[in-house]
Amino acid sequence: MQITNQRQRTLSRLVISGLLAMSTQVYADSGKQVDLGVVQNDAGDMNGQGASMENPQSAPGQAPTQASLAETEPASIISRHWIENNAAPGANYTDIIALSPSVFSMTPNGSGLSETPNVTMRGFQDGQYNVTFDGIPMGDSNDFTHHSTTYFMAQDLGSVTVDRGPGSAATIGDATFGGTIDSKTKDPSAVSGISPYMSAGSFNTKLFGAELDTGTMHNWGDGSAYLDVKQITSDGWDQNAHQRRSNAMFKLLRPVGDNTVISLMSMVDQLDQNPPFGATMTQMQNYGQNFSGISNYPGSQTFSGYNRDVINSDISYLGLNTVQGTWTVDEKLYTYAYRHHGYNGSDNTQPVVTQESNLGTLWNSNDVPGQAMTMQYRSVGDTLRASDHLKSGDLNVGIWYDHQYNTRSQYEVDYTLGGALNPQSGTIANPNYQSAIDRLMSDTLDTLQPYAEFAWKATDDLTVRPGIKYVRFTRHINAPIDQGTKQSLDFGHTWAKALPSLDIHYNLNQNWTSYVQAAEGFLAPNLNTFYTSIPGSSDVQPQNTWNYQWGTVFKTSRFTGDIDVYYIRFTNEILPTYAPGQPHNSLYKVFYNATGASIYKGIEAEGTYYMDFGMSIYANASVNSAHNDSSTYVQGNGTSWLPNTPLHTAAVGLIYDQNGIYASLTDKYVGPNYAGQGGQLYANSPNINDYQFGGFSVTSLSTSYSFGKDRATKLGLQVDNLFNHSGLYQTNGTGGTSGNEFVFYAIPGRAITASLSTKI
């Protein structure tokens, strides 16, 4: 039966509201609460009170970041409207979230032009929080870190939410420990057409793409779909850090009957890049601040031909969203994969050799040593969420299962000899090729997370939601050559834990709400706990956080603002040491749970005020503290301040949006913080963090003019780092001739980009 247009619109709103309710646990309140800030793509406001996000003449319509009135923990929503008007053409989610409170994120090669190293949120590092797309947790199973250049590009994102807490019991993922960065892909347009777009700018950056929209296909059950294909190439701000990236995205929505929608999404990404590694102070003094470990000299380990990543990734899911009686069900069967072939010099922090070395003989001391590696994995899983809407409240139940299979290898090679194996010992007559293999291993991670929670409507305005999530995860490794030990290993271990949560949400009135939350977060032990000849001695438990948070949100068409305070106690930190009575080498490295605790606490606020005539003003700020109370941490600055944790962050902005003219001027400030070397310490051998970064700010300008039929044609001009501020902002380990010089990243220079898009 063909669904009428009116019924289709009603169904679309119902389905998208259900999806949002499952992912953010929004509370309905019989139409009394008007959430002007919830991002709905093309569906309008979730409570049917008007599509405020389609009205740029309001604070919620122009806000760079904002909270929802239904929020139960601190979270900042970044809308599709902001993304399409401000994100650089090649931007990744890490670039889009950089303006958010308590977030420290900068891409060293220019926005979207390399991976963004170590994005922190309240001081939690990459690998300590979730990254999800359409509610599906993604990442490397070995340490839960992420590769920002292998996921969705800005053109296909509908919204991004920076959730700074562990969530409720329904929040799934291997690292709910430090929060969740959740990106939603945009939905297909109801209007058919072809939308070509292009941009060009600094660093010889060019992007070309086109999107095909089917529109609503009335002869196919009112289904709709789009295909978006694009390619970006750039020389990058860092010297010789080239990038070539191709991306294709397909999404389909198909109603089935009156109460069900099937979704199909698939994305593929191909990346070829020379990745910036950072540089020592000596290298920057000799070769410039935009030197990042890559040169054009074939006789050097830094040569771009020897330092290259070739990465292919994909993600697909088949989704079902249905309303059956009082039940709403959302299920996604998914798979995603990452295939990385990487090449690099053995030590890119050594002085650049500007003349070709003598080729010499096999494994000659003048030859160029390097490494060749592979990391390939595929995850297969399913997310099932269901909610029964009862008179007394909502019963939310669900389960997530994920299986990831990962293979990893790394070889020492001789680039002078075309990448031949370069054994660390042996002779030409009797080479020891096995010594040239650093690792050859496969591993699996199986995660199972069922949950249940009940959102009890104590009154029309008060909702109390207790919940419990059971987490079970199993690691197994089969390594002919284990990393670190170079011995064979076949070992597995299972951990399990129940995680409680409780939040209370209160509507003070239709524009003002408040919440309080207590929840336990967790982080599964990394695969490196198996990099030992005696893995059974590493009897570690998952790392834990207890999060206590209070916040309030106020929202009208004129003003949207929120403020929160948080206190987080991080315990069971996993640290390395050596097995008792054994030599102090990698064979006998083991891990243990530290007895001390790290305390994270702070206050965060954000707000947008609409001043009429298409203009609004925006600001956010955070004061963050992250200290460790264990004597294990002794830092050169004489404090226990944790690395990569800014003392404070802030942002200000002016936005104008009227009559097809859009302009925004924003500035993000990151306060002082201390350098770190990975945060892993050996017992009685403290890691010295003795470099302090000063605060810095980066200003961005975005302008555009939309014209033509339905204002479908847009001309844009963007300037990142408007005032061309320079300086060092982050470290990437140590190196250099002494082996203990810090390796730095520098703030990328000014980038100017012009763009043109239309729809025909």
Side-chain angles (χ1 to χ4, degrees), residues 114 236 238-243 272-288 290-311 340-375 408-441 480-487 585-586 732-744:
S114 65
D238 286 311
Q239 298 174 35
N240 304 295
H242 311 287
Q243 184 193 84
D272 194 327
Q273 65 179 359
N274 302 112
F277 298 101
T280 65
M281 194 79 76
T282 301
Q283 286 180 314
M284 287 187 177
Q285 290 170 351
N286 290 335
Y287 314 120
N290 68 334
F291 181 81
S292 193
I294 305 176
S295 74
N296 57 3
Y297 298 109
S300 173
Q301 295 181 48
T302 62
F303 178 50
S304 59
Y306 308 147
N307 294 274
R308 181 185 174 207
D309 285 332
V310 179
I311 302 172
H340 180 188
H341 293 265
Y343 311 88
N344 57 268
S346 291
D347 186 354
N348 286 57
T349 66
Q350 295 299 312
V352 175
V353 177
T354 58
Q355 295 179 353
E356 291 224 21
S357 303
N358 296 325
L359 294 181
T361 57
L362 187 63
W363 313 317
N364 187 282
S365 59
N366 287 329
D367 289 359
V368 179
Q371 296 169 332
M373 59 81 69
T374 64
M375 183 170 76
R408 304 176 70 207
S409 69
Q410 181 168 293
Y411 301 88
E412 298 294 325
V413 297
D414 187 322
Y415 284 124
T416 305
L417 297 172
L421 286 180
N422 187 1
Q424 297 167 341
S425 62
T427 65
I428 298 174
N430 184 27
N432 180 5
Y433 283 109
Q434 182 165 330
S435 69
I437 306 175
D438 297 326
R439 58 176 177 258
L440 187 62
M441 45 202 264
I481 300 177
D482 191 18
Q483 183 169 330
T485 69
K486 290 203 169 186
Q487 295 187 342
N585 61 48
S586 59
N732 186 29
T734 57
T737 54
S738 65
N740 59 8
E741 292 183 71
F742 276 112
V743 177
F744 294 99

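Values below: every heavy atom of this structure, side chains too, minus hydrogens, waters and symmetry copies.
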Open item on the list: If I compare all heavy atoms of Thr302 with all of Gly293, which pair ends up nearest, and what's the gap?
Closed with: CB-O, 3.5 Å
TODO: Give the intermediate values and the outcome of side chain to side chain contact (heavy atoms under 4.5 Å, CB included) for residues Phe742 and Met281.
DONE: CA-CA 8 Å; Phe742 276 112; Met281 194 79 76; over 6 Å; no
Open item on the list: Closer than 3.5 angstrom, by distance alone: can the side chain of Thr349 be matched with the main-chain N or O of Thr280 as a donor-acceptor pair?
Closed with: no
Task: Closest approach of Gln301 to Asp347 (non-hydrogen atoms, all atoms of both residues) - done: OE1-N, 2.6 Å
Task: Interatomic spacing from CZ in Phe303 to CG in Asn240 - rounded to 0.5 Å - done: 9.0 Å
Task: Taking every non-hydrogen atom, the tightest pair across Phe277 and Asn344 - done: CZ-CB, 4.0 Å
- [ ] Could you pull out the closest heavy-atom pair between Ser292 and Ala279, with the gap in Å?
- [x] CA-CB, 4.3 Å
Task: Gln283 and Asn348, any side-chain heavy atoms less than 4.5 Å apart - done: no
Open item on the list: For Glu412 and Asn422: C-alpha separation, side-chain torsions, deciding distance, then whether side chain to side chain donor-acceptor pair (under 3.5 Å) applies.
Closed with: CA-CA 5 Å; Glu412 298 294 325; Asn422 187 1; over 6 Å; no
Open item on the list: I'd like to know whether His341 forms a side chain to side chain donor-acceptor pair (under 3.5 Å) with Asp309, so could you lay out the CA-CA distance, the side-chain angles of the two residues, the decisive distance to 0.1 Å, and finally the verdict.
Closed with: CA-CA 6 Å; His341 293 265; Asp309 285 332; over 6 Å; no
Open item on the list: Please tell me whether Tyr306 and Tyr343 form a close aromatic pair, meaning their ring centres lie under 6.0 Å apart.
Closed with: no
Task: From Gln410 atom CD to Arg439 atom CZ, the distance as rounded to the nearest 0.5 Å - done: 4.0 Å
TODO: Work out which heavy atom in Leu440 is nearest to a heavy atom in Ile437; give both atom names and the distance.
DONE: CB-CG2, 4.1 Å
Open item on the list: Working to the nearest 0.5 angstrom, can you tell me the gap between Met441 CE and Ser409 OG?
Closed with: 10.0 Å
Open item on the list: So, taking the atom named CD in Gln371 and the one named OH in Tyr411, what distance separates them when rounded to the nearest 0.5 Å?
Closed with: 13.0 Å
Task: Thr374 OG1 to His340 NE2 distance, which is reported to the nearest 0.5 Å - done: 9.5 Å
Task: Cationic N near anionic O, under 4.0 Å, Asp272 to Arg308 - done: yes
Task: Asn274 CG to Asn307 CG distance, which is reported to the nearest 0.5 Å - done: 7.5 Å
- [ ] Quick one: closest heavy-atom pair of Ile294 and Phe291, and the distance?
- [x] O-CE1, 3.4 Å
Open item on the list: Would the distance check show the side chain of Asp414 and the main-chain N or O of Leu417 forming a donor-acceptor pair, the cut-off being under 3.5 Å?
Closed with: yes
